[in-house]
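Okay, structure first, notes after.
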Amino acid sequence: MKRASPPNFDQSAFKQALSQFATGVTVITTRAASGQLIGITASSFNSVSLNPPLVLWSLATRSASMPVFRANSHYVVNVLAASQLDLCKRFATVKGDRFEGVSHAEGDTGMPVLDGALAWFECHNRSRYEEGDHVIFVGEVERCGVHENAAGVSPLVFQNGQFHGLKPL
Ligand SMILES: Cc1cc2nc3c(=O)[nH]c(=O)nc-3n(C[C@H](O)[C@H](O)[C@H](O)COP(=O)(O)O)c2cc1C
């Protein structure tokens, strides 16, 4: 098989092209062995398989939360509503306790589920793949749910570095 040729673009051109792809935004949450709650904003979430129910997301190797996500058996993917932009920013930037003042409940797996999330997936940490400067996490979904008023709640959408709500065409 032929090998890949070296890229003919620089990293900023790559980022700019990637950023045209509109995504939802999630916060992936878990509980460290110490009991500390951990969360990180991630737009790399996607579905993988219906049977068995599998999802994926990727985490930068340099992420401070990497050791906890590598070691933990479970995590929750919380899909954010447009009204949760503050949570998106909080879980991407705050250095201290990101859960301070953030209302949440404990899911069946003991992991934190954020109040007001549009949907959530409680996952078993099934497998991980090291690729480039990220690790791809594949989660087996044990529980999932949607906001009680999902039809009336706009998702948070991220595209070209900007946040949007969603309106039907
Ligand atoms: C909209 C948005 C999407 C993001 N998606 C990802 C992602 O998919 N994977 C990732 O590793 N970081 C992503 N980030 C960056 C992380 O949220 C950020 O680096 C995080 O605070 C790192 O936390 P930690 O170093 O404490 O683990 C995203 C940030 C934003 C604002």
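Note that the structure is predicted; figures quoted are calculated from it, not measured. When a ligand or atom number is given, it counts from 1 through the structure's own listing order.
Interface atoms of ligand 1 facing Leu59, defined by a heavy-atom separation under 4.0 Å, are 11 (O). Residue-ligand proximity, Phe158 to ligand 1, at heavy-atom distances under 4.0 Å covers atoms 1 (C).
Neither the backbone nor the side chain of Gln162 comes within contact range of ligand 1; no heavy atom lies under 4.0 Å. In Phe91, the part holding a heavy atom less than 4.0 Å from any atom of ligand 1 is the backbone.
Atom 25 (O) of ligand 1 has Ala64 N, 2.9 Å as its closest protein atom, hydrogens excluded (heavy atom only). Nearest to atom 3 (C) of ligand 1 among the protein's heavy atoms is Ser43 OG, 3.4 Å. Closest to atom 26 (O) of ligand 1 among all protein heavy atoms lies Arg98 NH2, 3.3 Å. Looking at atom 22 (C) of ligand 1, its nearest protein heavy atom turns out to be Ile40 CD1, 3.8 Å. With respect to atom 15 (C) of ligand 1, the closest heavy atom belonging to the protein is Thr41 O, 4.0 Å. Scanning the protein heavy atoms around atom 8 (O) of ligand 1, the nearest turns out to be Ser44 OG, 2.6 Å.
Enclosure of atom CZ in Phe163 by more than 12 non-hydrogen atoms of other residues, nucleotides or ligands within 6.0 angstrom is indicated. Shown here is Gln11, whose CD atom has no more than 12 heavy atoms of other residues, nucleotides or ligands within 6.0 Å. Shown here is Leu18, whose CG atom has more than 12 heavy atoms of other residues, nucleotides or ligands within 6.0 Å. By the neighbour-count criterion of 12 heavy atoms within 6.0 Å, atom CZ of Phe21 is sparsely surrounded, having that number or fewer from other residues, nucleotides or ligands.
Taking any N or O of Arg62, backbone or side chain, none lies under 3.5 Å from an N or O belonging to ligand 1. For the pair Ala60 and ligand 1, the shortest N or O to N or O distance falls below 3.5 Å.
A 4.5 Å side-chain heavy-atom check between Leu80 and Val27 finds at least one atom pair inside the cut-off. By the 4.5 Å heavy-atom criterion applied to side chains, Phe69 and Ile38 are counted as neighbours.
Taking each of Ser58, Gly161, Ala42 in turn, the one with a heavy atom nearest to atom 10 (C) of ligand 1 proves to be Ser58. Taking each of Ser65, Ala92, Gly24 in turn, the one with a heavy atom nearest to atom 24 (P) of ligand 1 proves to be Ser65.
Each of Phe45, Trp120, Phe121 was evaluated against Asn78; a single residue qualifies, Trp120, per the side-chain contact (heavy atoms from CB on, under 4.5 Å) test.
Side chains of Asn72 and Thr30: a donor on one and an acceptor on the other come within 3.5 Å.
Residue contact check for ligand 1: Trp57 places no non-hydrogen atom closer than 4.0 Å to it. In this structure, Lys95 falls outside the shell of residues with a heavy atom less than 4.0 angstrom from ligand 1.
Thr109 is linked by a side-chain contact (heavy atoms from CB on, under 4.5 Å) to His74, Met111, Glu122, Glu142, counting only residues two or more places apart in sequence or in another chain.
The distance from atom CZ of Arg70 to atom CG of Leu59, rounded to the nearest 0.5 Å, is 8.5 Å.
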